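Quick caveat, the model's predicted, so the values are computed rather than measured.
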Amino acid sequence: MDHLCFDPTKIDKLQDLRERGVTVYPYTFERRDTVGEIKERFSGIGHEKSAEEVSTAGRIYVVREHGKTIFADMGDADGRIQLYLRKNDLGDEQFDLFRQYVDAGDIIGVVGHVFRTKMGEITIWVDRFELLAKSVCPLPEKFHGLKNVETRYRQRYLDLIMNEESRETFRTRSRIISLLRQFLFERDYLEFETPTLQPVYGGANARPFTTHHNALDQKLYLRIAPELYLKRLVVGGFEKVFEIAKNFRNEDIDTNHNPEFSMVEIYEAYRDYNDMMDLTEEILSYLAEKVRGSATVPFAGHDLDFTRPWRRLSMEEAVQEYGGIDVRAHTVEELRAFAREHGVEGCESATTRGEYLVLFFEHFGEKQLIQPTFVYDFPIENSPLAKKHRTKEGMTERFELFIAGMEMANGFSELNDPLDQKARLELQDARRRRGDLEAQMIDYDFINALGYGMPPTGGVGIGIDRLVMLLTGKDSIKEVLLFPQMKTAVVGPNGGEPGQDGSEE
RNA sequence: GGGCCUGUAGCUUAGUCGGCAGAGCGACGGACUCUUAAUCCGUAGGCCAAGGGUUCAAAUCCCUUCAGGCCCGCCA
């Protein structure tokens with residue numbers, strides 16, 4: 001695979017054009033109309049040319065030469081429209097210029113009048129055109145288009161040029177994020193940006209990416225979550241905050257995971273995890289309704305019903321229902337035997353009832369939860385940032401939302417007891433030192449922040465990529481990420497590290 | 001990390017009982033003044049992902065590597 005796709009015959013055409021004095025890459029074009037506007041405005045047009053002149057621009061997709069006339073399909077962000085060019089009207093020079101030098105893939109501007117062809121298609125009768133950008137790479141085939149999954153991910157721009165479905169998916173993604181912001185702004189949440197480069201990472205259990213700041217000569221981590229910084233803002237007095245954050249986790253890649261992914265985290269003072277479940281429910285059903293126009297969303301063979309209220313059950317209830325065991329009624333030894341019997345993975349290191357509860361839930365419950373379901377009350381062992389349960393010993397006030405077997409959200413009554421937080425992070429740090437690569441570091445400044453007093457606070461994080469998957473019906477996260485992480489295929493001549501081959505800029 | 005599958009022209013692909021690598025679209029040249037997967041005539045384009053092996057002979061069989069997809073493990 002070569003690193004450039006330039007087509008020699010197209011390069012030749014470009015040179016010819018320059019020799020003929022044509023500006024191949026002009027600076028501007030007065031576009032007065034978009035394709036969508038034209039189609040709408042002239043939806044009732046007949047076979048006679050419109051009196052009104054239109055001026056629009058876009059990419060040529062198909063050219064159908066027809067002797068002394070040419071038909072071409074041109075598309076912009078709104079859609080495609082047909083162009084009609086006649087030698088009589090354009091004059092020999094312009095007509096031959098188009099015929100010889102304008103190809104599928106080129107971007108042109110046209111001025112003309114609108115009419116409807118005998119076959120009934122709204123068409124621009126072109127009076128003059130201007131080349132706006134010459135394409136030197138061949139476009140994929142007009143009929144089958146670009147299907148190769150790898151190329152679609154690696155050259156997303158080409159996917160977007162060729163596949164309307166893909167374009168629609170990302171339009172929807174943009175809309176979801178915009179609606180989410182709007183929803184939160186309308187309710188007086190403030191949006192902030194907190195550090196992506198962090199000296200101490202925290203807020204989740206995950207392996208980080210590590211980097212280095214040269215001037216500070218200091219190790220920095222790419223954030224795995226914005227959580228600890230957003231809670232500092234609540235300490236500071238911002239009572240309703242959120243961030244739409246890119247998080248980075250150094251983990252394997254699959255249909256539900258990308259090393260960098262987007263998450264919205266929301267914190268609100270004087271709220272608890274029950275309130276955050278309500279908020280999550282409200283946001284997601286609002287988005288489903290706005291984006292799909294319905295409370296029911298088809299996904300992977302299921303009809304997901306976002307109608308409120310959603311099912312809520314405690315993790316113990318979930319394990320009882322799906323695993324058939326009451327964890328509290330058994331000793332740790334009995335739980336271990338039960339785990340072995342049912343082939344529950346990851347039990348080697350489990351020593352407490354709480355750890356078994358989580359393992360059983362993951363083994364028996366998680367994949368069964370298709371319709372939106374909150375699972376609440378998690379054992380304290382795995383929830384170092386969640387507040388101890390107000391009544392249940394050994395538990396925290398934490399919930400997760402599952403839809404289509406995927407974890408969609410995670411929230412809790414935030415731990416605001418600085419002494420408890422210190423103890424829990426010390427426990428995490430001890431685990432980390434024993435080799436648990438996902439355990440958290442101690443962020444003393446964060447503990448100090450809590451030391452100044454954080455009001456009772458509810459928080460939740462919602463995975464945006466997975467949400468977009470649900471609402472667009474895509475079963476791979478790569479389909480909803482514009483540029484999913486891929487292994488580098490070919491290193492071009494400039495692909496190496498700077499300064500290694502002496503060709504510094 | 002384990003299993004299954006895929007990689008052939010710019011794109012979409014046929015060919016995998018081993019026997020000259022084919023097509024459609026696209027490109028290039030020509031004809032055509034309402035076509036729309038335009039049509040018609042002609043031309044060029046392939047290290048069959050890369051490397052090694054078996055064989056008289058390999059796109060095809062075997063091994064290794066690379067990249068991708070799906071499933072599992074790990075993981076929010």
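- In terms of phosphate contacts, A:T117 brings no side-chain nitrogen or oxygen within less than 4.0 Å of OP1 or OP2 of B:U36.
- Note that A:R232 lies in the cation-pi zone of A:Y229, set by a 6.0 Å cut-off to the ring centre and a 45° limit from the axis.
- Atom CE in A:M162 sits roughly 12 Å away from atom C1' in B:A37 (whole-Å rounding).
- Within the nucleic acid shown, A:K118 comes within 4.0 Å of at least one base atom, counting heavy atoms only.
- Between the P atoms of B:A9 and B:U60, the separation comes to 15 Å (whole Å).
- Across B:U33, B:G68, B:C32, the shortest atom-to-atom separation from the side chain of A:E65 is found for B:C32.
- For A:L146, taking side-chain heavy atoms from C-beta onward, the closest of the listed nucleotides B:C71, B:U12, B:G73 is B:U12.
- Atom CD of A:E362 is separated from atom P of B:G73 by 11 Å (rounded to the nearest Å).
- Without hydrogens or angle criteria, A:R167 side chain to A:L160 main chain gives a donor-acceptor distance under 3.5 Å.
- At a threshold of 4.0 angstrom between heavy atoms, the contacts of A:T151 with the nucleic acid are absent.
- For B:A14 and B:U6, the P atoms lie 11 Å apart once the distance is rounded to whole Å.
- The phosphate of B:G68 has OP1 or OP2 within less than 4.0 Å of a side-chain N or O from A:R154.
- The side chain of A:Y84 approaches B:U33 more closely than any other nucleotide in the set B:G69, B:U12, B:U33.
- Taking atom P on both nucleotides, B:G26 is separated from B:C11 by 15 Å, rounded to a whole Å.
- The partner of B:C61 is B:G53, by the rule that a Watson-Crick or G-U pair needs both atom distances under 3.5 Å.
- Nucleotides B:U55 and B:C62 have their C1' atoms positioned 12 Å apart, rounded to a whole Å.
- Pair assignment for B:G1 gives B:C72, based on Watson-Crick or G-U wobble hydrogen-bonding distances that are each under 3.5 Å.
- In this structure, the NE2 atom of A:H66 is 16 Å from the C1' atom of B:G30, given to the nearest Å.
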Inset, instruction - Go along nucleotides 24-29 of chain B 5' to 3' and tag each nucleotide: B for a protein heavy atom under 4.0 Å from its base, S when only backbone or sugar atoms are that close, - otherwise. - result: BBSSS-
Legend entry - Stepwise side-chain hydrogen bond (donor to acceptor under 3.5 Å, both in side chains) test for A:N410 and A:R398: CA-CA 8 Å; A:N410 178 20; A:R398 174 182 180 186; 3.1 Å; yes
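- A:R59 is linked by a side-chain contact (heavy atoms from CB on, under 4.5 Å) to A:Y61, A:I107, A:I161, counting only residues two or more places apart in sequence or in another chain.
- The phosphate of B:G69 (OP1 or OP2) has a side-chain N or O of A:K478 nearer than 4.0 angstrom.
- Rounded to a whole angstrom, the distance from the C1' atom of B:A37 to that of B:U13 is 16 Å.
- At whole-Å resolution of the value, CD in A:E479 and C1' in B:G68 are 13 Å apart.
- Across all strands shown, B:U13 is found opposite B:G22 as a Watson-Crick or G-U wobble partner, with both distances under 3.5 Å.
- Look at CD1 on A:I477: it is 18 Å from P on B:C75, rounded to the nearest Å.
- When heavy atoms are screened at a 4.0 angstrom cut-off, A:M486 is found touching the sugar-phosphate backbone but no base atom.
- Using P as the reference atom, B:A49 and B:G7 are 8 Å apart when rounded to the nearest Å.
- Using a 4.0 Å heavy-atom distance criterion, A:R99 is classed as making no nucleic acid contact.
- In this structure, B:A67 forms a base pair with B:U6, meeting either the Watson-Crick or the G-U wobble geometry with both donor-acceptor distances under 3.5 Å.
- Along RNA chain B, the nucleotide closest to A:E366 and the one closest to A:P140 are compared, and the more 5′ of them pairs with A:P140.
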Inset, instruction - Let me see the working for A:N148 and A:Y153 under side-chain hydrogen bond (donor to acceptor under 3.5 Å, both in side chains), right down to the final yes or no. - result: CA-CA 9 Å; A:N148 186 286; A:Y153 295 159; over 6 Å; no
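- In this structure, the nucleotide among B:U33, B:U36, B:C74 sitting nearest to the side chain of A:K68 is B:U33.
- Two rings, from A:Y322 and A:F364, have their centers 6.0 Å or more apart.
- You'll find the ring centres of A:F129 and A:F98 inside the 6.0 Å limit.
- The distance from atom CD1 of A:I70 to atom P of B:U36 is 16 Å, rounded to the nearest whole Å.
- For A:N88 against B:U33, a side-chain-to-base donor-acceptor contact under 3.5 Å is present.
- In this structure B:U33 sits in no base pair that meets the Watson-Crick or G-U test at under 3.5 Å.
- A donor-acceptor contact under 3.5 angstrom links the side-chain atoms of A:Q82 to the base of B:U35.
- Without hydrogens or angle criteria, A:D7 side chain to A:T9 main chain gives a donor-acceptor distance under 3.5 Å.
- In terms of phosphate contacts, A:K487 brings a side-chain nitrogen or oxygen within less than 4.0 Å of OP1 or OP2 of B:A67.
- Candidate nucleotides B:C11, B:C74, B:G69 were compared by shortest atom distance to the side chain of A:D252, and B:C74 ranks first.
- Within the nucleic acid shown, A:F402 has no heavy atom closer than 4.0 Å to any nucleic acid atom.
- For A:Q155 and B:G68, the CD to C1' distance is 14 Å, given to the nearest whole Å.
- Nucleotide B:A27: paired with B:U43 (Watson-Crick or G-U wobble, both distances less than 3.5 Å).
- Between B:G3 and B:A50, the distance separating the two P atoms is 25 Å to the nearest Å.
- Between A:W310 and A:F306, the ring planes lie perpendicular to each other; the angle is over 60°, past the 30° to 60° tilted range.
- Mapping A:T69 and A:D254 onto RNA chain B via the closest heavy atom, the residue that lands nearer the 5' end is A:T69.
- Distance check on atom C1': B:C70 versus B:A59 gives 25 Å, rounded to whole Å.
- Taking every side-chain heavy atom of A:E150 into account, B:G68 is the closest of B:U13, B:U36, B:G68.
- Nucleic acid contact class of A:D73 (heavy atoms, under 4.0 Å, all strands): none.
- Contact annotation for A:A204: no contact, since no heavy-atom pair falls under 4.0 Å across all strands.
- We find that CZ of A:F98 is positioned 17 Å from P of B:U33, with the value rounded to whole Å.
- Aromatic ring orientation, A:F115 versus A:Y84: tilted (interplanar angle from 30° to 60°).
- With A:D465 contributing its side chain and A:I477 its backbone, the two residues share no donor-acceptor pair below 3.5 Å.
- Note: A:F402 and A:F361 meet the aromatic proximity criterion, with ring centroids under 6.0 Å apart.
- Residue-level contact check: A:G145 touches the backbone only, with heavy atoms under 4.0 Å from sugar-phosphate atoms and none from bases.
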